[in-house]
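As structure tokens, the structure follows; a few thoughts come after it.
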Amino acid sequence: MVFLALMRRRKGTLAARDLGLTQPAISHALKRLREVYGDPLFLRQSHGLEPTHMARELEPKIRDVVDRLAQTLSPPAQPDLSEATWELRLGAFDFELATILPELISRLRRRAPNVAIESFQIAHEPALEALLDGRIDILVGYFEGTKIERASLIRTPLYSERYVAIARKDHALLSEPFDLETFAEAEHLLVSATGFRKNLVDHALQLAGLSRSVKTVVPSLFSALSVLSQTDLIASVPERVAVQHGARFGLSYRELPIEGGRFDLHAVTRARDANSAMHQLTLHELKEAGRALMASGPASGAVTDRQDRERIPG
């Protein structure tokens, strides 16, 4: 910076004023420059400092280096989303892949059509480890009760969800409002890709001194909906699944007779990616996708009459 100021001003006093330095500081810097390059660089003349031949050769090179450094201090240029060719790896559980992922892909396709998206069905601790290891870029899901509070991770709230009871449209349990005991006594289907045999609904029932009889366990939501359409089993699924996909399987859903079973969905990213344009765009569209999901109305198969619910913390 001193070198370029002397090339521009040709006087030490003016260079010092431009850089906010003292005259001795300029003199010491010039002395070090002369030692580094083995050349006087500036010769004193009656009109000021005259650059030597080496100084004139050095100027464009030094100016290029300073300009490159200055660029690192400027705000990054906004990427052209229409030309962006990122590869986004997103991890989520079956529920999020069936609900928020289609909305996210639709939004990203409009804003950044060349972005490639690869999704992985993963949840809980394995999902967090995959994120920390760099195998995936963003996680979407429910992470309460897991080791999410880490300095290296950032959790962004998306929207709240709750479980509802879902079964065939002509299922006797859905024909009229039912109480907690009747719900617990029904024969249930459970969705579990990880082997866990309980979820938030079971926790709420346990607090009321009840438990449900699980007759069938399947690993995915769509296999669950298909089984429900052909049996008298009943299941508890996130409401967005029932809203978006229940009717196409000939299913209806109803509110649970408890206040339990509500949970919050989050997007989880690494702190080191906070300023990444890809992550910022994806998080923005995830939040917009969440708002769109919450704004969607009941499906045609919804049983919408409200019933009294026993207040149990979930």
Side-chain angles (χ1 to χ4, degrees), residues 1-90 107-108 110-117 131-139 149-157 267-288:
M1 296 298 294
V2 168
F3 175 86
L4 293 177
L6 290 173
M7 288 294 294
R8 182 173 64 253
R9 290 296 200 171
R10 306 297 171 91
K11 289 186 178 181
T13 54
L14 297 179
R17 187 180 66 185
D18 288 353
L19 297 176
L21 301 174
T22 63
Q23 178 74 38
I26 296 294
S27 298
H28 289 310
L30 179 56
K31 179 182 178 182
R32 292 194 297 273
L33 284 168
R34 285 168 170 166
E35 292 173 352
V36 169
Y37 290 107
D39 187 88
L41 297 178
F42 297 94
L43 303 176
R44 295 188 180 279
Q45 304 292 343
S46 58
H47 58 277
L49 298 174
E50 181 68 24
T52 65
H53 177 73
M54 176 174 282
R56 294 181 185 278
E57 286 189 333
L58 286 172
E59 182 185 17
K61 299 175 183 179
I62 292 177
R63 188 175 300 281
D64 180 63
V65 171
V66 171
D67 288 344
R68 288 176 182 271
L69 286 173
Q71 290 174 10
T72 69
L73 301 176
S74 303
Q78 293 298 316
D80 183 354
L81 298 180
S82 64
E83 299 296 330
T85 56
W86 301 314
E87 292 184 359
L88 173 66
R89 297 164 300 171
L90 187 142
R107 291 173 176 275
L108 287 178
R110 292 195 294 269
R111 295 198 59 188
N114 295 319
V115 171
I117 301 173
L131 178 64
L132 291 169
D133 292 345
R135 286 174 281 146
I136 54 180
D137 301 301
I138 294 179
L139 282 178
E149 303 302 335
R150 308 181 188 185
S152 57
L153 297 176
I154 298 175
R155 182 167 56 173
T156 301
V268 184
T269 54
R270 296 178 294 260
R272 67 173 183 260
D273 297 323
N275 293 322
S276 160
M278 178 185 75
H279 288 75
Q280 290 176 348
L281 171 64
T282 305
L283 286 174
H284 172 77
E285 294 303 332
L286 275 170
K287 288 187 284 188
E288 291 300 312

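Every value quoted in this text rests on a predicted model; they were computed, and no experiment measured them.
For the pair Val2/Arg32, no side-chain contact is recorded, criterion being any heavy-atom separation below 4.5 Å from C-beta on. Between Ser27 and Lys31, every side-chain heavy-atom pair lies at or beyond the 4.5 Å cut-off. You'll find the side chain of Leu88 reaches within 4.5 Å of the side chain of Leu108, heavy atoms only. In this structure the side chain of Asp137 never reaches within 4.5 angstrom of the side chain of Asp273, judged on heavy atoms. Using a 4.5 Å heavy-atom cutoff, the side chains of Leu49 and Met7 are not in contact. Using a 4.5 Å heavy-atom cutoff, the side chains of Leu58 and Leu41 are in contact. Looking at Lys287 and Pro157, their side chains never come closer than 4.5 Å, going by heavy atoms from C-beta outward.
Taking OG1 from Thr52 and CD from Glu50, the interatomic distance works out to 9.5 Å, rounded to the nearest 0.5 Å. For the atom pair Leu19 CG and Leu14 CG, the distance stands at 11.0 Å (nearest 0.5 Å). Met1 contributes atom CE, which lies 9.5 Å from atom CG of Leu21 (distance to the nearest 0.5 angstrom). Considering CD of Glu35 and CG of Leu30, their distance stands at 10.0 Å, rounded to 0.5 Å. Distance check: Ile62 CD1 to Phe3 CZ gives 4.0 Å after rounding to the nearest 0.5 Å. To the nearest 0.5 Å, the span separating NE2 on His279 from CZ on Arg270 amounts to 5.0 Å.
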Take Leu139 and Leu153, measure what side-chain contact (heavy atoms from CB on, under 4.5 Å) needs, and give me the verdict at the end.
CA-CA 11 Å; Leu139 282 178; Leu153 297 176; over 6 Å; no
Apply side-chain contact (heavy atoms from CB on, under 4.5 Å) to the pair Leu286 and Ile138, showing each step before the final yes or no.
CA-CA 10 Å; Leu286 275 170; Ile138 294 179; 4.1 Å; yes
Steps toward side-chain contact (heavy atoms from CB on, under 4.5 Å) verdict (Thr269, Thr282):
CA-CA 11 Å; Thr269 54; Thr282 305; over 6 Å; no
Determine, step by step, whether Val66 and Arg63 satisfy the side-chain contact (heavy atoms from CB on, under 4.5 Å) criterion, reporting the C-alpha distance in whole Å, the side-chain angles of both residues, the deciding distance to 0.1 Å, and the verdict.
CA-CA 5 Å; Val66 171; Arg63 188 175 300 281; 5.8 Å; no
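In this model, no donor atom of one side chain and acceptor atom of the other lie less than 3.5 Å apart for His284 and Gln280.
At least one donor-acceptor pair closer than 3.5 Å links the side chain of Arg89 to the backbone N or O of Gly134. Distance alone, capped at 3.5 Å, places no donor-acceptor pair between the Arg155 side chain and the Val268 backbone.
Salt-bridge check for Arg68 with Asp64: passed, with a basic side-chain N closer than 4.0 Å to an acidic carboxylate O.
The shortest heavy-atom contact between Ile26 and Gly12 is CG1-O, 4.1 Å. Residue Met278 comes nearest to Glu87 through the heavy atom pair SD-O, 3.9 Å, listed as atom of the first residue, atom of the second, then distance. Here the shortest heavy-atom pairing between Leu132 and Ser152 reads CD2-OG, 3.5 Å.
When the shell of 6.0 Å around NE2 of His47 is examined, it contains more than 12 heavy atoms from other residues, nucleotides or ligands.
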